[in-house]
Amino acid sequence: SAVISQKPSRDICQRGTSLTIQCQVDSQVTMMFWYRQQPGQSLTLIATANQGSEATYESGFVIDKFPISRPNLTFSTLTVSNMSPEDSSIYLCSVEIARGTGELFFGEGSRLTVL
Amino acid sequence: AQKVTQAQTEISVVEKEDVTLDCVYETRDTTYYLFWYKQPPSGELVFLIRRNSFDEQNEISGRYSWNFQKSTSSFNFTITASQVVDSAVYFCALSPRSNYQLIWGAGTKLIIKP
């Protein structure tokens, strides 16, 4: 398993501002992902955070809105840019410890409220 | 198409009752994984089980059991003698071998009343 720490755990933000969420893992992992969970909904994959290269974004998500950094195998950040109330969600970092198994471990999530 | 259906949006039972959460999936892949995750009110996601498509053996872990039937493309989850602490949203997910991405069901909110 893995211990995944996310910061901040929650925040209230003003429209038009940006917020960066950090994800720290206690071991080196190859695959790291960012998910969004809108209120009452299931999880939607935003992107795969690739170490040393640009993130791979899913349909409907773009780098300008959700820039991601992955400087090493234990750390990643997701920025939610120019926020609007529609961005109010839980943002979850997850990792795949055993490559190719699809078995994900999740951080506790960052609950953002945009006013 | 790759899809996971959790038809039960919300289930409410009284403590100590048994409850089954349904999960039906669709995939063209012959190799895939199925998962169940629990999301308690605190928000974090907790991994419960992973099942390989080649392993149709049912699994039991304490009060939890899973019934995997490829013939009906179902992977149902049963909680025996439910407890209030079981109250959570439960997600079923599919990982087709072709792309390793997780396809999530909509979740079932389980409410256990004392």
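Just so you know, these numbers use all the heavy atoms, side chains as well, and skip hydrogens, waters and symmetry mates. Below, read A as the first sequence line, B as the second, and so on, with proteins coming before strands; counting in each chain starts at 1.
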- Query: Quick one: does Trp104(B)'s side chain get under 4.5 Å of Gln37(A)'s, heavy atoms only?
  - Reply: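 Side chain of Trp104(B) against side chain of Gln37(A), heavy atoms only: no contact under 4.5 Å found.
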With a 4.5 Å cut-off on side-chain heavy-atom distances among I, L, V, M, F, W and Y, is there a chain of contacts connecting [X] to [Y]?
X	Y	value
Tyr57(A)	Tyr35(A)	no
Tyr90(B)	Ile103(B)	yes
Val24(B)	Leu21(B)	no
Leu78(A)	Leu92(A)	no
Tyr32(B)	Phe75(B)	yes

- Would you give the length of the straight line joining atom OG of Ser42(B) to atom CZ of Arg111(A), rounded to the nearest 0.5 angstrom?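 Taking OG in Ser42(B) and CZ in Arg111(A), the distance rounds to 9.0 Å.
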- Message: As an exercise, state the distance from CD1 of Ile90(A) to CG of Leu45(B), rounded to the nearest 0.5 Å.
- Response: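 If I round to the nearest 0.5 Å, the distance is 8.5 Å.
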At a 4.5 Å cut-off on heavy atoms, which part of [X] comes close to chain B: side chain, backbone, both, or neither?
X	value
Ser94(A)	neither
Gln6(A)	neither
Leu104(A)	both
Leu45(A)	side chain

- Query: Has Gln57(B) got more than 12 heavy atoms of other residues, nucleotides or ligands less than 6.0 Å from its CD?
  - Reply: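 No, the 6.0 Å shell around CD holds no more than 12 heavy atoms from other groups.
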- Message: Within a 6.0 Å radius of atom CD on Gln51(A), are there more than 12 heavy atoms belonging to other residues, nucleotides or ligands?
- Response: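 It does: Gln51(A) CD has more than 12 such atoms within range.
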- Message: For the backbone of Gly105(B) and the side chain of Ser42(A), can you confirm whether one donor and one acceptor N or O come within less than 3.5 Å of each other?
- Response: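 Between the backbone of Gly105(B) and the side chain of Ser42(A) there is a qualifying donor-acceptor contact (under 3.5 Å).
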- Message: Has Tyr37(B) got a side-chain atom pairing as donor or acceptor with Phe105(A)'s backbone, closer than 3.5 angstrom?
- Response: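 Flag not set: sc Tyr37(B) to bb Phe105(A) has no pair under 3.5 Å.
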- Task: Below 4.5 Å from any heavy atom of chain A, which atoms of Gln6(B) appear? Answer side chain, backbone, both or neither.
- Result: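 For Gln6(B), no heavy atom lies under 4.5 Å from chain A.
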